[in-house]
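To start, the structure under review is shown below, and the notes come after it.
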2 protein chains.
Amino acid sequence: MGKIEEAIKQSEFKDSYNKVVVNLLYTHSYLVNFQTAVLKPMDLSPEQYNVLRILRGQQGKPATIAAIQERMLNTMSNASRLVDKLKAKDLVKRDECPENRRKVDVLITEKGLRLLESLEPEIVAINKKVIHLEEAELSLLNGLLDKLRG
Amino acid sequence: MGKIEEAIKQSEFKDSYNKVVVNLLYTHSYLVNFQTAVLKPMDLSPEQYNVLRILRGQQGKPATIAAIQERMLNTMSNASRLVDKLKAKDLVKRDECPENRRKVDVLITEKGLRLLESLEPEIVAINKKVIHLEEAELSLLNGLLDKLRG
DNA sequence: GTTCAATTGATGTATATACATTTATTGTAG
DNA sequence: CTACAATAAATGTATATACATCAATTGAAC
């Protein structure tokens, strides 16, 4: 695909900041499209997948809706409805929190864990295939993104 | 905000590819949130703004729906309905293409051009403010993103 | 010239985002 | 104890995304 200028057929940018913004948005779309393709046969959206991974990261401890929201990539989204969808598929369970009935305890189910596990090889493979960077470049990129956000 | 590990409270990643994907998604969200905040007072969504910039880039030549779609950052989106919204605000006009009645000629209006112009200083300022990178790092990042996509 | 495939855009539907608002529960001030 | 503020989640609404499908027009094969 090559340079961002060719990709979106725009020859010039206002400044380097603007170019980086456009490049990031474009690369984001590039990656999400592949991810979506892998998840679609399992009837999972990228955000549902993200919530499942967050819950797996809890290692058996339940998470409240607010805790999930805090860890989500789209910080403004709506964890409540995503958990609904996952619950309908038996991938998570949701219980009223005993010591505070305003909160809910969300846990990933065995079925959810098995689904994540079954997806993993394909996710690892697609990432390796579509990200054309060496190990050193990957950590350079990670460092730049961290620094970008300050 | 610092490292991605702290930002999303996840201490480990499967591999560097996975870490870069998560970091990119997170940074994307970080940037889009700022952009949205600038555009919102003008009743523009980021994608509507993007379509307007594409049309300005045409420098007076009309663009078909397909041509807009091709240049959009979200390649799978729906240029037709975005153009609808912009037309309702008199920011673009849409005419049947005379030599091929399947196509439509979309043009940015004077009002659209003025809106873009009025937004520019604020966009430039917010980018500079929230992207904590030097000029050399910006072009390094642009190069890595271009290479990532292959 | 008629038929049929291809192209272009519009429309339908399910999902997700970006808020604002509402409901339920808890905590706190008087 | 009661009233009210604060918190947690659910719900409502407009927009956008990710397709699939449809309708109109054009082009090409016969």
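Predicted model, so just to flag it, every value in this text is computed and none were measured. In what follows, chains are A, B, ... by sequence order, proteins preceding strands, each numbered from 1.
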### Query
Can you tell me how far C1' of dT17(D) sits from CG of L31(A), to the nearest Å?
17 Å

### Query
Mapping L44(B) and P98(B) onto DNA chain D by nearest heavy atom, which one lands closer to the 5' end?
L44(B)

### Message
Of the options dA6(C), dA16(C), dT25(C), whose atoms approach the side-chain atoms of R102(B) most closely?
### Response
dA6(C)

### Y30(B) ring center near Y26(B) ring center (under 6.0 Å)
no

### Query
Looking at L141(B), L144(B), V20(B), I4(B), which one forms a side chain to side chain contact (heavy atoms under 4.5 Å, CB included) with L145(A)?
L141(B)

### Message
Counting only side-chain heavy atoms from C-beta out, which of dA9(D), dG9(C), dT26(C) sits nearest to I65(A)?
### Response
dA9(D)

### Query
Out of dA10(D), dT26(C), dA10(C), which nucleotide sits closest to the side chain of R101(A)?
dT26(C)

### Summary
Whole-Å distance, E70(B) CD to dT8(C) P, equals 11 Å

### Query
Between dT17(C) atom C1' and L39(B) atom CG, what is the distance in whole Å?
15 Å

### Task
Inspect the contact between D146(A) and R149(A) and indicate whether a charged nitrogen and a carboxylate oxygen are less than 4.0 angstrom apart.
yes

### Task
Assign each of T36(A) and P46(B) to its nearest nucleotide of DNA chain D by heavy atoms, then name whichever residue's nucleotide is nearer the 5' end.
P46(B)

### Task
Please state whether the base of dG12(D) and the side chain of R81(A) form at least one donor-acceptor pair under 3.5 Å?
yes

### Task
Measure the distance from CD on Q48(B) to C1' on dT17(D) and round it to the nearest whole Å.
14 Å

### Message
Nearest 0.5 Å, please: how far is CZ in R71(A) from CG in N50(A)?
### Response
11.5 Å

### Query
Looking at dT8(C), dT15(C), dC19(C), which one has an atom nearest to any side-chain atom of K40(B)?
dC19(C)

### Nearest-Å distance for atom pair CD/P, residues E47(A) and dT17(D)
14 Å

### Query
How do S45(A) and A37(B) order along DNA chain C: which one's closest nucleotide is nearer the 5' end?
S45(A)

### Query
Are K87(B) and D90(B) close enough for a salt bridge, meaning some N to O gap below 4.0 Å?
no

#### Entry: M72(A) CE - dA16(C) C1' separation (whole Å)
9 Å

### Query
From the list dT15(C), dG12(D), dT25(C), which nucleotide is the closest neighbour of the side chain of N78(A)?
dG12(D)

### Message
What's the closest nucleotide to the side chain of A66(B) if the choices are dC19(C), dG9(C), dA16(C)?
### Response
dG9(C)

### Summary
To the nearest angstrom, the CD-P distance between Q35(A) and dA18(D) comes to 12 Å

### Task
Any chance you could measure L133(A), atom CG, to S139(A), atom OG, to the nearest 0.5 Å?
10.5 Å

### Task
Could you tell me whether the phosphate oxygens of dA24(D), OP1 or OP2, come under 4.0 Å of any side-chain nitrogen or oxygen in K103(B)?
no

### Query
Looking across every strand, which nucleic acid part, if any, lies under 4.0 Å from D84(A) by heavy atom: base, sugar-phosphate, or nothing?
nothing

### Query
Counting side-chain heavy atoms from C-beta on, which of dT15(C), dA9(D), dC19(D) comes nearest to S80(A)?
dA9(D)

### Query
Tell me: CD1 of I68(A) to P of dA16(C), nearest whole Å?
14 Å

